[in-house]
Amino acid sequence: MKSVRPKFVITAMAILSLACLASPMAAAMTGGSIFGMVYFSPCDQGVPSGAIVSLVNGSNKAEFIPGYNVTPDKSGYFQFTNIPNGFYRVYARAPYYSEGYSAGINVTSNDTYTAGVVLMAMPYYANITPSTQHVPYGGKADITVQVSDYWGRPVDAGWRILLRSTIGIMDPDSALTDKDGKVYSKIGWVDSMTPAEITVFAVAMNGSSYALLENVVTPTPDASPTITPEASPTISPTATPIATATAIPGASVTPKPTPGFGLMIAIAAICVALAIRYIRH
């Protein structure tokens, strides 16, 4: 009578190989996923080059999660996979846009979540227009400032703009852009015969301020000071914004196969084939 031990040994080897093969496959399925989109406002420019999306600690947004950096596709979509259980936020940035965060997400294994991040084009240019070109000594002039982004489009409403002058008093010296990207002020009580400049600043989302490229208002030093607007600045894509960091796109996250994965498949297949052949004989 034939011994069944060889059959048992080969069958056991096949089962063991399949079990080892199933183990890394199960491990690869653990962790959650986040799928979402970055919205750029205004939306007529499309997704800018250099946009990057990262995963950060949901409680401490300054803590980036290593290995989770992707570039959104041409429509702004992104995805993170195999995320360990935890509390996270999605962070996005792009050149000439404000940075943005998603709402907090509690990630658990084998679940998929959605997230959205909105990035607003930052103020870049300030076009200053006075109500009159001749301001008498002790007089006033209304000032309108058109605030535009890097591409020359009016910025969204709600940006804090600061106005400073070396002559007279700006009233108000701080205002929010309206729906047309404009702010309004006055230069009051011109009391100097020296040239002066009005400087315009924008306040970023993190609270820091930076100077905009602008027109310069210069009173002529004579008996009747005048405000002479300079020509509008030329919008050049080679200009470098002040206090605006250029994002470096990160590599897309792609799950890596487990070392030896192909070898284990081959061993399992050979063992199963030997077991079937041996049983038939």
key: Listed partners of P154 passing side-chain contact (heavy atoms from CB on, under 4.5 Å), at least two apart   = Q146
Drop me the distance from [X]'s [atom1] to [Y]'s [atom2], to the nearest 0.5 angstrom.
{"X": "S41", "Y": "R153", "atom1": "OG", "atom2": "CZ", "answer": "8.0 Å"}
{"X": "E99", "Y": "M120", "atom1": "CD", "atom2": "CE", "answer": "13.5 Å"}
{"X": "D156", "Y": "D178", "atom1": "CG", "atom2": "CG", "answer": "11.5 Å"}
{"X": "T71", "Y": "I52", "atom1": "OG1", "atom2": "CD1", "answer": "8.0 Å"}

With a 3.5 Å cut-off and no angle check, do the side chains of [X] and [Y] form a donor-acceptor pair?
{"X": "S148", "Y": "N127", "result": "no"}
{"X": "D111", "Y": "S33", "result": "no"}
{"X": "Y113", "Y": "T108", "result": "yes"}

Could you tell me whether a side-chain N or O of [X] sits under 3.5 Å from a main-chain N or O of [Y], the two making a donor and an acceptor?
{"X": "N206", "Y": "S208", "value": "yes"}
{"X": "T177", "Y": "V183", "value": "no"}
{"X": "N57", "Y": "K61", "value": "no"}
{"X": "D173", "Y": "L163", "value": "no"}

Do [X] and [Y] come within less than 4.5 Å of each other through their side chains, counting heavy atoms only?
{"X": "T114", "Y": "I34", "value": "no"}
{"X": "M122", "Y": "Y210", "value": "yes"}
{"X": "Q79", "Y": "V70", "value": "no"}
{"X": "W159", "Y": "S98", "value": "yes"}
{"X": "Y96", "Y": "D149", "value": "no"}
{"X": "L176", "Y": "I161", "value": "no"}
{"X": "Y88", "Y": "V56", "value": "no"}
{"X": "S131", "Y": "I143", "value": "no"}

ask   = Above 12 or not: heavy atoms from other molecules or residues under 6.0 Å from CD1 of I169?
value = no
task = Assess whether atom OH of Y184 is packed by more than 12 heavy atoms of other residues, nucleotides or ligands within 6.0 Å.
result = yes
Residue pair [X] / [Y]: nearest heavy atoms and the distance that separates them:
{"X": "A126", "Y": "L212", "result": "CB-CD1, 3.9 Å"}
{"X": "V47", "Y": "G76", "result": "CG2-N, 3.5 Å"}
{"X": "S185", "Y": "M170", "result": "OG-CE, 3.5 Å"}
{"X": "R89", "Y": "S102", "result": "NH1-O, 3.5 Å"}
{"X": "A115", "Y": "F78", "result": "O-CZ, 4.0 Å"}
{"X": "A92", "Y": "V38", "result": "CB-CG2, 4.0 Å"}

message = Less than 4.0 angstrom from a charged side-chain N to a carboxylate O is my criterion; do D171 and K186 meet it?
response = no
inquiry  = I'd like to check the ring-ring contact (aromatic ring centres under 6.0 Å, His included) partners of Y101; sequence neighbours left out, ordered by chain and number.
reply    = Y91
ask   = Transitively linked via ILVMFWY side-chain contacts under 4.5 Å: Y68 with V90?
value = yes
ask   = F201 and I198: same hydrophobic cluster, using ILVMFWY side-chain contacts below 4.5 Å?
value = no
key: Name of the residue among W151, Y150, Y39 meeting ring pair (Phe, Tyr, Trp, His ring centres under 6.0 Å) with Y97   = W151
